[in-house]
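Below is one structure, written out as structure tokens; comments come after it.
Every heavy atom of this structure was used, including side-chain atoms; hydrogens, water molecules and symmetry mates were not. What you are looking at is a predicted structure, and each value in this text was computed from that prediction instead of being measured. For this chain, numbers begin at 1 and follow the sequence in order.
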Amino acid sequence: MHILICPDKFKGTATAAEIAAAIAAVCAERGHTTELLPLADGGEGTLDVLGGPNRTTTVTGPLGAPVTAGWRLEDGTAVIESARASGLALLAGQRLRPLDATSQGTGQLVRAALDDGATRVVVTVGGSAMTDGGAPALDAIGALPAGVALEVACDVTTRFEDAAREFGPQKGATPEQVDTLTRRLVALRRLYERRFGVDVGTIPGSGAAGGLAGGLAALGARLVPGFDLVADVVGLDAAITRADLVITGEGLLDATSFAGKVVGGVADRARAAGVPVAAVVGDVAPGIPAPFPTASLVETCGRDAALADPLGSAARAVTSILA
């Protein structure tokens, strides 16, 4: 068979490219040809899938300390991963301060891209630390030059005023702080409507990255599903038509997997093309039926082994799909 291998990252344990390579090695051992197409949905890892950074800029990190963030500029298109400037992972080991976390650094990256001549700027917004509605980012960007296309690759459909309630606790917010952050978002929604004439609260995905997506929408950005943007850029549909089998995957198969994430998106496109699909996943959430053959690292190797050696575990797990 010719097998297309197109997983998402296994968050916290392995990149999409690493998982794809581990699966491909087993397929090759069994005489199959493979095509590797690591994917992302607008969250962490999207920049790597779209070619990786080729520039760096020192910007304001999520709690004010400077960070050096990689980004990409090629043929007039800039790709900026907000997690590299304003991400929660940058605060590992630090005390979280959800009321203070800022999107300023992401705005500074956008400004740098504009100053370097970008005519299209794609901002991916997963994995953020802040719930500031994007106001500091907009201050850093300033006016958007005429003729520049600004796109936001969203990995959720959350609306602007719901961002704190849905994601604030993940970023360290107490119930009282969630209320404070929500009031701030409500006020910003009104401010953006007065200033830009855009009601960001009506836009699906405007709550992504703590409302950063909504702030950028007020500035004129177009919000797009992150998976669809990535899939179109890397040529997923054409790759599917060349395959006899498609193998996708992610760290946890749960309800969100079928709501704009990589696994569900790949499955939909493969089915539409009439190509069978399977998945290798880290684990499956309770009560989630897999609508296609699925191999779990935890079920195959145990949780400890899956976390300690995700690549070896993925290689073992995929054998059940190829059997």
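In this structure, Thr300 contributes its side chain and Leu297 its backbone to no donor-acceptor pair below 3.5 Å. Thr294 places no side-chain N or O within donor-acceptor distance of the main-chain N or O of Ala290, the cut-off being under 3.5 Å. Side chain of Lys9 to main chain of Glu44: a donor-acceptor pair is present (N/O by atom type, distance under 3.5 Å, no hydrogens or angles). Using a distance-only test at 3.5 Å, with no hydrogens or angles considered, no donor-acceptor pair links the side chain of Thr158 to the main chain of Ala163. Judged purely by atom type and a 3.5 angstrom limit, Lys171 uses its side chain to pair as donor or acceptor with the backbone of Met130. Formation of a donor-acceptor pair under 3.5 Å by the His2 side chain with backbone atoms of Asp244 is not found in this model. For the pair Thr256 (side chain) and Ala259 (backbone), a donor-acceptor distance under 3.5 Å is absent. Under the 3.5 Å distance criterion, the side-chain polar atoms of Arg222 are left unmatched by any main-chain donor or acceptor of Ala149. The backbone N or O of Thr106 sits nowhere less than 3.5 Å from a side-chain atom of Ser103 that would complete a donor-acceptor pair. A donor-acceptor pair under 3.5 Å is formed between the side chain of Ser313 and the backbone N or O of Ala305.
With no hydrogens or angles considered, no side-chain donor-acceptor pair links Glu81 and Thr46 at under 3.5 Å. Looking only at atom types and distance, the side chain of Gln108 has no donor-acceptor partner in the side chain of Thr57 under 3.5 Å away. For the 3.5 Å distance criterion, the side chains of Asp75 and Thr77 fail to qualify, holding no donor opposite an acceptor.
Residues Val186 and Phe160 form no side-chain contact, since every pair of their non-hydrogen atoms from C-beta on lies 4.5 Å or further apart. Counting heavy atoms from C-beta outward, Pro276 and Phe292 have side chains that stay 4.5 Å or more apart. Inter-residue side-chain proximity for Leu322 and Ile3 is flagged as met; some heavy-atom pair is nearer than 4.5 Å. Two residues are said to be in side-chain contact when any heavy atoms from C-beta on lie closer than 4.5 Å; Leu4 and Ile247 fail this criterion. Counting only heavy atoms from C-beta outward, the side chains of Leu88 and Leu96 approach each other to under 4.5 Å. Between Val230 and Thr124 the shortest side-chain heavy-atom distance does not fall below 4.5 Å. Counting heavy atoms from C-beta outward, Trp71 and Asn54 have side chains that stay 4.5 Å or more apart. The shortest distance between side-chain heavy atoms of Leu245 and Val275 does not fall below 4.5 Å.
In plain terms, the two heavy atoms of Gly70 and Thr56 that are nearest each other are CA-CG2, 4.0 Å. Nearest heavy atoms, Cys6 versus Val262: O-CG1, 4.1 Å. Of all non-hydrogen atoms in Gly42 and Asp155, the two that sit nearest each other are C-CB, 4.4 Å. Contact between Asp41 and Gly260 at its shortest, heavy atoms only, is CB-O, 4.1 Å. When all heavy atoms are compared, the tightest approach of Leu39 to Ala16 is O-CB, 3.8 Å. Contact detail for Ala85 and Val67: the closest heavy-atom pair is O-CG2, 3.9 Å.
Clustering ILVMFWY residues whenever any of their side-chain heavy atoms sit less than 4.5 angstrom apart, transitively, puts Val152 in the very cluster that holds Leu138. The cluster map of Ile, Leu, Val, Met, Phe, Trp and Tyr, joined by side-chain heavy atoms under 4.5 Å apart, puts Val49 and Leu311 in different clusters. Tracing side-chain contacts under 4.5 Å through hydrophobic residues (I, L, V, M, F, W, Y), one never reaches Leu50 starting from Ile5; they form parts of separate clusters. Hydrophobic clustering (ILVMFWY, side-chain heavy atoms < 4.5 Å, transitive): Ile321 and Val281 are in distinct clusters. Side-chain heavy atoms closer than 4.5 Å link hydrophobic residues (I, L, V, M, F, W, Y) into clusters, and following such links, even through other members, never connects Leu219 to Val122.
Salt bridge status for Arg159 with Glu161: absent, with no side-chain N to carboxylate O gap under 4.0 Å. A salt bridge links Asp116 with Arg55: the distance from a Lys NZ or Arg NE/NH1/NH2 to an Asp or Glu carboxylate oxygen falls below 4.0 Å. Note on Asp232 versus Arg269: salt bridge recorded, some NZ/NE/NH1/NH2 to OD/OE distance being below 4.0 Å. By the 4.0 Å N-to-carboxylate-O rule, Asp115 lies close enough to Arg111 to be salt-bridged with it. Using a cut-off of 4.0 Å between Lys/Arg side-chain N and Asp/Glu carboxylate O, Asp48 and Arg84 are scored as salt-bridged. Ion pairing of Lys261 with Glu250 is absent here, as no side-chain N (NZ or NE/NH1/NH2) approaches a carboxylate O to less than 4.0 Å. A salt bridge links Arg303 with Asp283: the closest approach of a Lys/Arg side-chain nitrogen to an acidic carboxylate oxygen falls below 4.0 angstrom.
For the atom pair CG of Leu91 and CD of Gln94, the computed distance is 5.0 Å after rounding to the nearest 0.5 Å. With values rounded to the nearest 0.5 angstrom, Thr182 atom OG1 is found 8.0 Å from Asp162 atom CG. Atom CD1 in Ile240 sits 9.0 Å away from atom OG1 in Thr248 (nearest 0.5 Å). Taking CZ from Arg30 and OG1 from Thr319, the interatomic distance works out to 6.0 Å, rounded to the nearest 0.5 Å.
For residues 190-209, the pairs satisfying side chain to side chain donor-acceptor pair (under 3.5 Å) are Arg189-Asp199, with sequence neighbours left out.
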If you apply the rule side-chain hydrogen bond (donor to acceptor under 3.5 Å, both in side chains), what do you find for Ser128 with Ser86, and how did you get there? CA-CA 6 Å; Ser128 70; Ser86 314; over 6 Å; no

Step by step, would you call Arg271 with Asp268 a salt bridge (charged side-chain N to carboxylate O under 4.0 Å, His left out)? CA-CA 5 Å; Arg271 287 196 198 98; Asp268 288 344; 3.4 Å; yes

